[in-house]
Amino acid sequence: MSAAPETVSGPLITADGIPLKESLQKSLRRSKIRAALLVAPPLLFLIFLFVIPIGNMLTRSVDDKLINQVLPNTFEAFESWDKVSEPDETMFAAIYQDLKAADKTDIGKASVRMNYAKPGWRSLVKRTARKIKKMEPPYKEAFLKADDRWTDNEYWLSLGIMKDKRTMGYYLNAVDRTYDFDKNVVHVDENRKVYNLLWWRTIQVSIIVTLACLLLAYPVAYLLATLPMRIANLLMICVLMPFWTSLLVRIVAWMIMLQQNGVVNDTLVAAGVLSDENRLAMMYNFNGTVIVMTQILLPFMILPIFSVMKTIPPSYMKAAQNLGATPTLAFIRVYMPQTIPGIGAGCILVFIVAIGYYITPELVGGKDGRLIGNMVAYHMQRSLNWGLAAAMGTILLIVILIFYWIYDKIIGIDNMKMG
Amino acid sequence: MKSKLKLTLLASVVAVTTAAQAEVNIVSWGGAYTASQQKAYQATYSDPDSINFINYNGGLGEVRTQVESGNVTWDIVDVLPHEARVGCDEGLFEELDRSAFTPAPDGTSMDDDIMVELPNDCVVPQIFWSYVPFYQEGTFKGEQPTTIADFFNVKKFPGKRGIHTWPNALIEMALLADGVAVKDVYKVMSTDAGIDRAFKMLDKIKDHAVFWSSGAKPLELVQSGEVAMSLAYNGRIGAAVLSEGAKFVTVWDGQVLEEEWLVMVKGAPNRDAAMDFLVHASTTESQAEQAKFINYGPMRSSAFEIMKQGEPWFHNGKTIMEHMPNRPEVMARSVVANPEWWADYGDSIGERYTAWMGQ
């Protein structure tokens, strides 16, 4: 407009005399800092409550340092032992030194760890450590006097499993395998196999629950999306109602309904459908877990499917029918493909939540409806075997990532719509 | 005006924080059990308001998290025999000055007054409880079950059996039912053949088993007729009989007694106050007092004397001695659980039991 362009000879300058490039960079930097500051709280939150704990969990699942720190001499003596003959004085002297020097708490922790390798270690070490102060050489004799199990070579041999600072033992344990004394991977005894069955069952239950949810949720979501607003809102409240009710209340309600002397069985018996001896076992078993989990996770399936259906214009169906498709064909060929992003989101949501479930299976699972989540909880809270719990948690994480990857390959993650 | 308001605010903040500091957090199992502790220990304490009860679900997971993170908020925890040992070994509990505790009226020191051998210096005596079989009056016609063998005999006493989802006490009971003498139980259990023998016995009720994992469940199962007989914690059965007039019959044969201890968490924020409360809670009188409100047996034998002389001792005027799991009459046919054995073999037996349950 004015003569401004002619006055520019060097670089472009803003009104306050700073070169345009610099000024631009400055304002860019400012907005970057602002953005970083905005992101900082959630980022820190993520790091502190997500990245660090998970990293910690991963390390715990392979960590075997403590035992090596507590018994350095013992492991050294173990290396020079021929593994066949009876342990000699040097080995007893080595373990004497270690037990004498170690902190009482560390001995306690180490003995718990040793007990995983060979049951019995814990009381053996504890009983001996209690008498360690009064011991005098020859140590072999003194140890045998403290506890005669010290002559059992199996205890000594089991040291071979623990001699490294990292162990895969917890992961092996989580899939029903273990190390033998030469550190070869072997199966555990047939009657102690627990975890593989539980892994398989967990995946089985998660898939069944996901499919059941899909089957039940699809028609409901369709109703919600197509009914007039007023009725749809009412229905929506019914769908969300369980969300507002305590999980425990819902579980107990199912117990009352489904147990052997529950409402459903009583009604069927009274109606003459069932005889009194043949009441259905729907609670405290596999069925109970599946039924209750399906009901609890149903809203997670309905909501994403509903939100996707809401965006599909009704005119598409009309157009398909105008072009000669029967309503069924139009539904299958035109409507359903468009709902796949919602189905995908719902399925993945339900599956991921289901695979880690443990409260519901604990309460209604009985003998064959308990899942791997129950074992993780058990080892966290009861047995205090955090290494094993961490290993199982890590495996769960990997299983979920694998399913996520499969989903991405088949449907594509870009196609997912949460709402 | 404004500064006055500020001052009041400041004062109230100070008051609140000091009150919070003086508060001793004691963590227990909730329900009738915590209620009995509140009535017997807290209400009789010199400063009842300084004691704050919190419920938990057992296990040392939370305690270990608190100690490892250095952020300890619990002072006293009520723990099971296994936890009492492992926690002390791992340094999660404080070792306590044993001379601070009150001796029995006849001068016996507290540690000698306890009915079992003291496992370590961390523990303060609480109670004995037991796993015991029971049924509802009228379930069986004719002959009634009287022995632990009857519990495992579904031919003679048909109907489902309620058992818990972990192996403790069940292995002992199975062996007792198979004819092993009380004193030999742990000797037999220490052999592989002994464990096989126990599982063979368990197999007999497996197809009739309903599993429970929370203490209220067995009562529901028996009350509703879902099972004919069940194992349960003796205190739950007693509470239903003594307070609610339930028609439950306890089979006092082959029960397995377990200890219950109080411990102080390592680095407890109110160490001195907590210690003072522990001393109060473990006196002979406090122990006897607790039996007024729940039928768990006191750990100090001197407490029994007070109870016997005070009968009917229960708070609602009923007699309590026949509901005590560790009364002398039933001890001959009871196993006192050996936590050392379970600490060694609990994990491997637990796996085998879980596998057995799932098969």
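The sequence lines fix the lettering, A, B, ..., with proteins before strands; numbering per chain opens at 1.
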Check your understanding: Nearest 0.5 Å, what's the CG-CZ distance between B/Asn120 and A/Arg130?
Key -> 8.5 Å
Review point. Side chain, backbone, both or neither: which part of A/Lys104 has an atom under 4.5 Å from a heavy atom of chain B?
Key: both
**Study point:** Spatial distance of atom CG (A/Leu198) from atom OG1 (B/Thr354) [nearest 0.5 Å]
**Key:** 8.0 Å
Point to revise | Residues A/Lys126 and B/Glu340 bridged, charged N to O under 4.0 Å | key: yes
Review point. Quick one: does A/Asn191's side chain get under 4.5 Å of B/Trp356's, heavy atoms only?
Key: no
**Study point:** Side chains of B/Glu90 and A/Thr105, donor plus acceptor under 3.5 Å
**Key:** no
Review point. More than 12 heavy atoms of other residues, nucleotides or ligands under 6.0 Å from NZ of B/Lys247: is that the case?
Key: no
Check your understanding: Are A/Trp386 and B/Thr65 close enough that some pair of their side-chain heavy atoms sits under 4.5 Å apart?
Key -> yes
Exercise for review: Could you tell me the separation between the CG atom of B/Leu92 and the NZ atom of A/Lys109, rounded to the nearest 0.5 Å?
Suggested key: 7.5 Å
Review point. Salt-bridged, B/Glu226 to A/Arg279, with N to O below 4.0 Å?
Key: no
Review point. Is it true that atom CG of B/Asn57 has more than 12 heavy atoms of other residues, nucleotides or ligands lying nearer than 6.0 Å?
Key: no
Check your understanding: Got A/Gln381 and B/Tyr56 here, is their nearest side-chain heavy-atom distance under 4.5 Å?
Key -> no
Review point. What part of A/Tyr195 is in contact with chain B, defined as an atom under 4.5 angstrom from a non-hydrogen atom: side chain, backbone, both or neither?
Key: side chain
Review point. Under 4.0 Å between a Lys/Arg side-chain N and an Asp/Glu carboxylate O for B/Asp89 and A/Arg122?
Key: yes
Revision key, fill the gap. Between the OG atom in B/Ser348 and the CG atom in A/Asp189, the distance rounded to the nearest 0.5 Å is 9.5 Å
Point to revise | Option in B/His82, B/Lys217, B/Glu83, B/Glu62 with maximal non-hydrogen atom pairs under 4.5 Å from chain A | key: B/Lys217
Check your understanding: Between A/Pro119 and B/Asp344, is any pair of side-chain heavy atoms under 4.5 Å apart?
Key -> no
Practice item. Answer yes or no: does atom OH of A/Tyr358 have more than 12 heavy-atom neighbours from other residues, nucleotides or ligands under 6.0 Å? Key: no
Check your understanding: At a heavy-atom separation under 4.5 Å, does B/Val86 approach chain A through its side chain, its backbone, both, or neither?
Key -> both
Point to revise | Region of B/Ser214 that comes under 4.5 Å of a non-hydrogen atom in chain A | key: neither
Study note, to complete from the structure: Nearest heavy-atom approach of A/Leu384 to B/Gly61 is CD2-N, 3.6 Å
Point to revise | Polar side-chain atom of A/Asn115 near backbone of B/Ala343 as donor-acceptor pair, under 3.5 Å | key: yes
Practice item. Check whether more than 12 heavy atoms from other residues, nucleotides or ligands sit under 6.0 Å from atom CG of B/Asp97, and answer yes or no. Key: yes
Point to revise | Choice from A/Ile107, A/Asn261, A/Asp368 maximising heavy atom contacts with chain B below 4.5 Å | key: A/Asn261
Review point. Heavy atoms, side chains only, cut-off 4.5 Å: are B/Glu351 and A/Asn173 in contact?
Key: yes
Review point. Between atom OH of A/Tyr378 and atom CH2 of B/Trp166, what is the distance when rounded to the nearest 0.5 Å?
Key: 10.5 Å
**Study point:** Inter-residue atom distance B/Leu221.CG - A/Gln260.CD, 0.5 Å rounding
**Key:** 10.5 Å
